[in-house]
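Quick notes on the structure that follows.
Note that ligands are numbered from 1 as they come in the structure, with each ligand's atoms numbered from 1 the same way.
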Amino acid sequence: MAASIFDKMEEKVALWRSDMAAFVKEHGEHKVSDVTINQVMGGLRGVNGLWCDTSVVPKDQGLIIRGIPMKDLTDLNGVEIFYLLLTGELPTKEEYEEFQIALKIRKFVPHYVWDILKAMPKDSHPMTMLSMAVLSMQKESCFATNYEKGINKTDFWRCTLDDALNIVAKLPSIAAAIYRIRFNKGELIQPDPDMRLAEDFVHMLGIEAPGDEFLSLIKLFLVAHSDHEGGNVSAFTSSVVNSALSDLYYSVSAGFNGLAGPLHGLANQEALKWLLDVMKKFNGTPTKEEIAQEVNETLAAGQVIPGYGHAVLRVVDPRFTAFYNFGKVHFPEDPLFKTVYHIYEVVPDILKKIPKIQNPWPNVDAISGSMLYHYGITEFSYYTVMFALSRSMGLTAQAVMNRAVGTPIVRPKSVTTSWLKSQVIK
Ligand code: HAX
């Protein structure tokens with residue numbers, strides 16, 4: 001029989017812990033970054049000040065999960081990605097089945113979550129519902145319960161892992177329920193104990209879409225959004241909250257609140273809205289000239305072009321490319337898909353001419369919404385929930401590693417304007 005995820009992690013944690021402790025002991029005083037006033041006032045862009053081993057985003061390559069580039073991950077499913085994020089290895093067939101059981105036995109969602117979701121105002125944003133649902137389950141936290149009992153800090157990672165498995169296993173039911181409650185799709189659909197994460201989510205959404213094709217898209221969605229190193233708003237927020245030993249229900253909920261911002265995960269909703277507005281205005285697929293006109297008007301109105309630009313990337317986001325390749329195979333003639341491509345042919349050249357913009361290229365959010373729209377999920381405000389469903393894997397895997405290695409509470413030093421001035425004006 002394959003080792004359980006807890007046994008597997010036990011081995012990994014011991015290695016990570018000793019390796020990191022020895023490394024920091026020997027090289028702890030080695031300098032890895034300088035910080036300028038621009039960076040202090042500019043969201044700490046480019047400051048090497050966080051540790052995260054689950055994934056890395058080189059500016060000229062984009063997402064690499066545990067050493068494997070995004071382009072080589074597109075055939076995996078969510079369960080394999082979660083295992084990879086947690087352990088650093090892809091599962092063997094036996095490990096996969098064992099891990100699948102660990103998730104399956106945690107699928108059940110406490111009934112009070114449905115009561116809370118149904119009691120929320122009918123016009124609540126789906127991300128608010130998601131964050132509330134996760135937070136409402138905080139009393140189930142293994143970490144919080146055991147912390148109160150006085151658990152040894154060397155064992156913090158175990159309960160954090162238990163919370164991680166619980167959250168990730170329950171989110172497909174919760175996300176699907178939010179879709180059905182918020183958009184009046186009828187009764188909730190019960191999870192199927194024998195279905196895997198993506199299959200079960202599609203089953204519980206209850207939408208009529210060509211089975212295998214839509215399922216493949218959801219699998220890609222789960223892979224593409226699962227992690228994006230440690231400094232993005234949702235990951236950073238979640239890990240700061242978790243560093244106070246607030247359990248994963250608190251920290252994942254907090255991370256989702258950050259994901260709900262239009263400059264972060266909500267950009268997929270904004271990008272599709274912008275795109276459809278353009279199509280409506282020009283009665284179908286717009287010409288390049290019409291797109292350019294719309295881009296210039298959006299910029300002149302002091303707004304961003306959603307789905308373009310990135311704080312770290314300086315090339316086309318490989319997640320954009322993965323979705324583009326999917327569309328090219330499955331629905332190359334879809335007018336929306338064609339418009340996404342026409343926009344891609346126009347926007348970078350315009351943004352390149354604006355000196356302050358560091359990255360004119362599309363990110364994942366420029367295309368992901370149009371994929372969902374094609375299969376009948378036309379409720380834009382739901383898209384970020386699907387992003388979150390996937391991102392929960394990265395947020396929780398990062399927390400398990402932090403608790404494994406015993407990283408302390410996050411507490412950078414803030415400085416005042418007069419202190420900054422005193423550094424340069426002598
Ligand atoms: N359209 C218009 N202006 C843009 C722009 C865009 N797509 N991208 C950047 N800029 C502007 C910024 O607003 C900023 O202007 P100000 O100095 O006047 O504030 C300036 O160019 C410099 O920005 P930057 O250094 O290139 O980029 P940042 O690291 O500051 O910001 C953002 C990165 C992703 C927030 C930015 O590119 C943006 O707002 N893009 C549109 C929203 C979006 O697609 N967000 C999703 C990003 C991916 C993600 O996190 N997904 O979850």
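- For ligand 1, the atoms sitting less than 4.0 Å from at least one non-hydrogen atom of Phe387 are 52 (O), numbered in the order shown with element in parentheses.
- Counting heavy atoms closer than 4.0 Å to ligand 1, residue Leu263 contributes atoms from both its backbone and its side chain.
- Between the side chain of Arg403 and the backbone N or O of Thr160 there is no donor-acceptor pair closer than 3.5 Å.
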- Task: For ring-ring contact (aromatic ring centres under 6.0 Å, His included), just list the numbers for Phe221 and Phe323, CA-CA rounded to whole Å, side-chain angles, deciding distance to a tenth of an Å, and then say yes or no.
- Result: CA-CA 8 Å; Phe221 222 87; Phe323 279 121; 5.5 Å; yes
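- Remark: the backbone N or O of Gly255 is not paired with any side-chain donor or acceptor of Ser238 at under 3.5 angstrom.
- Side-chain contact, Tyr179 with Glu379: a donor N or O sits under 3.5 Å from an acceptor N or O.
- Which of Arg391, Arg45, Gln358 comes nearest to atom 28 (P) of ligand 1 through a heavy atom is settled by distance: it is Arg45.
- Between Tyr324 and Tyr341, the ring center distance clears the sub-6.0 Å criterion.
- At distances below 3.5 Å, not a single donor-acceptor pair connects side-chain atoms of Ser124 with backbone N or O atoms of Met120.
- Atoms of ligand 1 lying under 4.0 Å from any heavy atom of Ala267, numbered from 1 in the order shown and given with element: 43 (C), 44 (O), 45 (N), 46 (C).
- The residue from Asn268, Leu299, Ile357 that puts a heavy atom closest to atom 9 (C) of ligand 1 is Ile357.
- For ligand 1, the atoms sitting less than 4.0 Å from at least one non-hydrogen atom of His310 are 33 (C), 34 (C), 37 (O), 48 (C), numbered in the order shown with element in parentheses.
- Considering each of Asp317, Thr384, Ile305, Val295, the one bringing a non-hydrogen atom nearest atom 6 (C) of ligand 1 is Ile305.
- The shortest side-chain heavy-atom distance between Leu272 and Tyr383 falls under the 4.5 Å cut-off.
- At a distance under 4.0 Å, a protein heavy atom can be found next to atom 30 (O) of ligand 1.
- Summarising the contacts of atom 37 (O) of ligand 1 with Gly309, Gly46, Gly43, the nearest heavy atom is found in Gly309.
- The protein reaches atom 49 (C) of ligand 1 closely, with a heavy atom under 4.0 angstrom from it.
- Checked against the 6.0 Å centroid criterion, the rings of His310 and His228 qualify as a close aromatic pair.
- When only interatomic distances are considered, the shortest N/O to N/O separation between Arg319 and ligand 1 does not fall below 3.5 Å.
- Given atom 7 (N) of ligand 1, the protein heavy atom at minimum distance is Tyr308 O, 2.7 Å.
- Inside a 4.0 Å radius of atom 41 (C) of ligand 1 there is at least one protein heavy atom.
- Close contacts of ligand 1 with Asp365, meaning ligand atoms under 4.0 Å from a residue heavy atom, involve 46 (C), 48 (C), 49 (C), 51 (N), 52 (O).
- Within ligand 1, the atoms closer than 4.0 Å to a non-hydrogen atom of Gly265 are 52 (O), numbered from 1 in the order shown.
- Ile357 is not listed as a side-chain neighbour of Lys352, based on a closest heavy-atom distance of 4.5 Å or more.
- Every atom of ligand 1 is numbered from 1 in the order shown, and the set under 4.0 Å from a heavy atom of Gly307 is 43 (C), 44 (O).
- The nearest heavy-atom contact from the protein to atom 18 (O) of ligand 1 is Lys356 NZ, 2.8 Å.
- Listed for the Arg319 side chain is no donor-acceptor partner under 3.5 Å among the backbone atoms of His225.
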